[in-house]
Protein chains: 2
Amino acid sequence: MTDPLDAIFAALSDPTRRAILTMLLEDDMAVTDVAEPFAMSLAAISKHLAILAAAGLIAREKRGRVKWCKLEPDAMRAASVWMQGFGQFEPVNLDAFERFLETELAGATEGGHDPLAD
Amino acid sequence: MTDPLDAIFAALSDPTRRAILTMLLEDDMAVTDVAEPFAMSLAAISKHLAILAAAGLIAREKRGRVKWCKLEPDAMRAASVWMQGFGQFEPVNLDAFERFLETELAGATEGGHDPLAD
DNA sequence: TGTTTCGTCAACCATGTGGTTGAATATGCC
DNA sequence: GGCATATTCAACCACATGGTTGACGAAACA
């Protein structure tokens with residue numbers, strides 16, 4: 001697995017792990033709390049979290065005896081950027097798109113656009 | 001019961017399959033031609049294509065004795081939409097992308113190359 | 001017709017993955 | 001210190017995955 005995308009997409013291919021990521025969207029969580037809604041052992045969840053962390057999708061930080069998990073957006077962004085090369089939009093110039101986004105954000109940083117409302 | 005995203009992300013997690021998708025971005029291809037640049041058997045590539053097709057990422061159509069493979073963008077779009085749920089971290093926003101394309105296409109419609117046009 | 005090309009199928013193998021259980025390793029609390 | 005809590009480690013199991021090779025069917029062509 002040399003390409004980081006291998007680990008990222010593999011991590012995303014499991015429904016338990018996608019559910020964990022969705023939970024972490026609400027808030028950072030301790031491992032035990034992440035495991036609570038799932039019908040599987042804590043050790044299994046711990047493994048899932050290790051896979052997500054290895055893929056760079058989450059970060060884990062130990063405070064006291066509790067290990068907190070939080071989303072790490074860069075990995076998912078890398079996957080998303082790769083995927084933008086496909087779809088009905090081809091061919092596309094990603095560099096130009098990035099420049100476009102910068103000009104957009106330059107005038108809209110205070111805007112209330114909710115990306116989940118789409 | 002199994003989420004289609006399972007198959008989509010699993011299919012995308014293999015570098016050979018991602019390379020195949022990238023090749024198909026240029027043009028539709030026959031199975032033998034897809035296999036040509038890879039250092040593995042035709043049967044292995046055939047399996048990869050079956051996995052991509054099962055995930056809905058490509059479609060295969062037999063004309064004569066040649067089976068043509070082409071991209072099927074909807075599946076990847078579904079994965080992209082799921083990732084948009086993490087949009088608070090995600091700068092590659094589909095709305096912005098569409099706006100970007102309008103500005104791009106406004107001056108480049110005569111560019112001509114459009115492998116997905118049917 | 002027979003042969004070549006295209007692609008899949010079937011069997012097999014090595015390794016990876018997702019789960020279990022039980023022991024081990026912190027850390028916090030009385 | 002002694003004990004409960006939080007998390008991981010280690011060994012194990014069933015099954016999936018990615019690859020191989022060889023045989024096979026179907027279409028084109030001499």
Side-chain angles (χ1 to χ4, degrees), chain A residues 1-24 27-70 72 75, chain B residues 1-24 27-70 72 75:
Chain A
M1 284 230 239
T2 58
D3 192 327
L5 288 177
D6 292 9
I8 294 169
F9 283 125
L12 292 177
S13 72
D14 184 276
T16 300
R17 289 193 290 264
R18 287 199 307 278
I20 289 172
L21 291 174
T22 302
M23 291 164 59
L24 291 177
D27 234 329
D28 299 355
M29 297 178 80
V31 175
T32 304
D33 295 329
V34 169
E36 194 272 332
F38 295 100
M40 70 180 69
S41 68
L42 184 63
I45 295 295
S46 182
K47 278 192 188 180
H48 280 304
L49 290 170
I51 290 169
L52 288 169
L57 286 159
I58 66 169
R60 289 176 299 174
E61 179 196 354
K62 193 169 180 181
R63 285 204 295 270
R65 63 182 166 177
V66 174
K67 210 160 184 178
W68 293 91
C69 308
K70 66 166 192 176
E72 200 65 47
Chain B
M1 187 89 169
T2 69
D3 193 323
L5 288 177
D6 292 10
I8 295 170
F9 283 124
L12 293 177
S13 73
D14 185 275
T16 300
R17 290 194 288 264
R18 286 198 308 278
I20 290 173
L21 292 173
T22 302
M23 290 163 60
L24 291 177
D27 239 328
D28 299 354
M29 296 178 79
V31 174
T32 306
D33 295 329
V34 170
E36 194 271 333
F38 295 99
M40 69 180 69
S41 69
L42 182 63
I45 295 294
S46 181
K47 279 192 190 180
H48 280 304
L49 291 170
I51 289 169
L52 288 169
L57 287 159
I58 67 169
R60 290 176 299 175
E61 179 195 354
K62 192 168 181 181
R63 285 204 295 270
R65 63 180 166 176
V66 174
K67 209 160 184 179
W68 293 91
C69 307
K70 68 166 190 172
E72 201 66 49

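Just so it is clear, the model here is predicted, and its values are computed rather than measured. Below, read A as the first sequence line, B as the second, and so on, with proteins coming before strands; counting in each chain starts at 1.
Only A/M40, A/S41, A/A43, A/A44, listed by number, bring a heavy atom of residues 34-44 of chain A to less than 4.0 angstrom from any atom of DNA chain C. Contacts with DNA chain C (heavy atom under 4.0 Å) in residues 46-58 of chain A: A/K47, A/H48, A/I51, listed by number. Near DNA chain C, meaning a heavy atom under 4.0 Å away, the residues from residues 14-21 of chain A are A/D14, A/R17.
Taking CG of B/L49 as the start and OG1 of B/T16 as the end, the distance is 10.5 Å to the nearest 0.5 Å. Going from atom CD1 of A/I45 over to atom CD1 of A/I20 covers 4.5 Å, rounded to the nearest 0.5 Å.
Residues passing the salt bridge (charged side-chain N to carboxylate O under 4.0 Å, His left out) test with B/D6, sequence neighbours excluded: A/R18.
With B/K70 as reference, B/D28 is the one residue of B/L24, B/D28, B/D27 to meet the side chain to side chain contact (heavy atoms under 4.5 Å, CB included) rule.
With hydrogens and angles ignored, the 3.5 Å screen pairs no side-chain donor or acceptor of A/R60 with any backbone N or O of A/K67.
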A correct 5'-to-3' footprint of nucleotides 24-30 of chain D, with B, S and - meaning base, sugar-phosphate only and no protein heavy atom under 4.0 Å, is ---BS--

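Here the closest non-hydrogen pair linking B/E61 and B/R63 is OE1-NH1, 3.2 Å. Across all non-hydrogen atoms, the minimal contact from A/I51 to A/A11 is CG2-CB, 4.0 Å. Looking at every heavy atom in both residues, B/A75 comes nearest to B/A55 through CB-O, 3.5 Å. Heavy-atom minimum distance, B/M23 versus B/D33: CE-O, 4.1 Å. Here the shortest heavy-atom pairing between A/S13 and B/A10 reads CB-N, 3.4 Å. For the pair A/L21 and A/L12, the tightest heavy-atom approach, listed with the atom from each and the gap, is CD1-CD2, 3.5 Å.
Rounded to whole Å, the distance from CG on B/D33 to C1' on C/dG7 is 12 Å. Atom P of nucleotide C/dG18 and atom CG of B/D6 are separated by 11 Å, given to the nearest angstrom. Atom CE in B/M29 sits roughly 13 Å away from atom P in C/dC6 (whole-Å rounding).
Recorded end-axis angle for the helix from C/dG7-D/dC24 to C/dC30-D/dG1 stands at 30°, based on five pairs per end and rounded to 10 degrees.
Within the 4.5 Å cutoff, no side-chain heavy atoms of A/R17 are placed close to those of B/F9.
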